**Q** 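For reference, the structure I am asking about is given below.
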Protein chains: 2
Amino acid sequence: MIRMTKLTDYGIVLLTHMAMEAPGSFHTAQDLATRSRIPVPTASKLLKALARAGLVISHRGRNGGYGLSRDADAISVAEIIAAIEGPIGLTECGTGTEGACDMESFCAARGRWAPINQAIERALQDVPLSAMRPAQPPPQERLVRLEAASGVAP
Amino acid sequence: MIRMTKLTDYGIVLLTHMAMEAPGSFHTAQDLATRSRIPVPTASKLLKALARAGLVISHRGRNGGYGLSRDADAISVAEIIAAIEGPIGLTECGTGTEGACDMESFCAARGRWAPINQAIERALQDVPLSAMRPAQPPPQERLVRLEAASGVAP
DNA sequence: GCTATCGGGACCTTTTCGGTCCAGATAGGC
DNA sequence: GCCTATCTGGACCGAAAAGGTCCCGATAGC
């Protein structure tokens, strides 16, 4: 199966929880971990990575914590994945990393991957963080609307 | 990075080599492995998986070997990946495997993945095996055409 | 100063990946 | 009818990566 690591999944869940709170509010790693049911050290590690990538802002010291750096609409799932896992792509080929594959000179599929990688990245860029959040105002079942709004469904 | 395993990559290279030969021709695992620069036992394992999935046909005994079960245009990259890695999807969520995630009951992103998974699968279904082969008649540069044909770009 | 919090590591354990090998079944050639 | 090349199915193993823990230093409210 083509997949993200579980860490990335957790990262998205963490950000989703932040997106459910008031914009501009801050929350400790402890708090976010508890609410997401993710072990605290793991959540902490993820939040560090997200802060390094500029997706969240961190405040140290007492009453410190993490908060989204932008509106949830302006953060794409592609960015989140890239922040935790690195460049998006199914293979090393075509992600810009040269010489990553020692079979490059005689690979039958050489150069064929880039368009596929780009198509997938584009699909993920079109999904904002706000589309992942359950959207409390209408209490349940926004599934259908999400599908229509995500821009990736036909 | 979102990724396939190297095994799957090898599988596609193997099939690409088959697609470069005359339709209906058969090749031993040994032969395909040598041409693809893949260790023979590994290639053999992959070909078994592809045969089980019905993408290639196997003949045992002397003068046996493997051949494509259909035209290269009728085999999608999505099928190849599914044959080697299982169902396509970024997460377990939304791939039909129920109960795979023990956080399901309180996951903030529950149910939000299915549309994304489907978008990616669709992108891969739109790329036929024939698009991966170097396409000897026009010697180089079909890249642009592939990009236009993938059908997932916004 | 005290203490709660983030920052950047090192570290360990488990799983999975990538790869090897072998005994058996099948089928063509002699 | 035997021999041999080939696929089939499985067990097996080492290495790498994922997943998770812990610690110490820096920072900033109180």
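So you know, we letter chains A, B, ... as the sequences are listed, proteins then strands, and number each from 1. This one's a predicted model, so the numbers in the text were calculated from it and none came from an experiment.
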**Q** If you check every side-chain atom of Thr5(A), which of dG19(D), dG20(D), dG8(C) has the closest atom?
**A** dG19(D)
**Q** Run the salt-bridge test on Arg133(B) and Glu21(B) with the 4.0 Å N-O cut-off and return the result as yes or no.
**A** no
**Q** Between Glu79(A) and Leu55(A), is there a donor-acceptor pair closer than 3.5 Å when you use the side chain of the first and the backbone of the second?
**A** no
**Q** Check each of Leu68(B), Ile75(B), Val56(B) against Leu50(B) using the side chain to side chain contact (heavy atoms under 4.5 Å, CB included) test, and report the only one that passes.
**A** Val56(B)
**Q** Between Ser76(B) and Gln125(B), do the side chains contain a donor N or O and an acceptor N or O under 3.5 Å apart?
**A** no
**Q** Once you round it to whole Å, what is the distance between P of dC6(C) and NZ of Lys45(A)?
**A** 16 Å
**Q** Atom CG of Leu7(A) to atom P of dT15(C): distance rounded to whole Å?
**A** 16 Å
**Q** Can you tell if the side chain of Ile84(B) reaches within under 4.5 Å of the side chain of Tyr10(B), non-hydrogen atoms only?
**A** no
**Q** Any chance the rings of His59(A) and Phe26(A) have centres within less than 6.0 Å?
**A** yes
**Q** Of the nucleotides dG7(C), dG19(D), dC7(D), which has the atom closest to the Ser58(A) side chain?
**A** dG7(C)
**Q** If I take atom CG in residue Leu47(B) and atom C1' in nucleotide dG9(D), what distance separates them, rounded to the nearest angstrom?
**A** 15 Å
**Q** Nearest 0.5 angstrom please: Ile116(B) CD1 to Asp126(A) CG, how far?
**A** 10.5 Å
**Q** Starting at CG of Leu50(B) and ending at C1' of dT8(D), how long is that distance when rounded to a whole Å?
**A** 14 Å
**Q** What string of B, S and - do you get for nucleotides 22-30 of chain D, 5' to 3', when a contact is any protein heavy atom under 4.0 Å?
**A** ---BBBBSS
**Q** In terms of side-chain heavy atoms of Pro39(B), which of dT20(C), dT6(D), dG7(C) is nearest?
**A** dT20(C)
**Q** Tell me the interatomic distance from Arg52(A), atom CZ, to dG7(C), atom P, rounded to whole angstroms.
**A** 9 Å
**Q** Would you please confirm or rule out a distance under 4.0 Å between OP1 or OP2 of dG7(C) and any side-chain N or O of Tyr66(A)?
**A** yes
**Q** Expressed as a whole number of angstroms, how long is the span from Ile38(A):CD1 to dT21(D):C1'?
**A** 16 Å
**Q** Detail all sub-3.5 Å separations between protein N/O atoms and N/O atoms belonging to nucleotides 1-3 of chain D.
**A**
none

**Q** Can you tell me how far P of dT8(D) sits from CD1 of Ile57(B), to the nearest Å?
**A** 12 Å
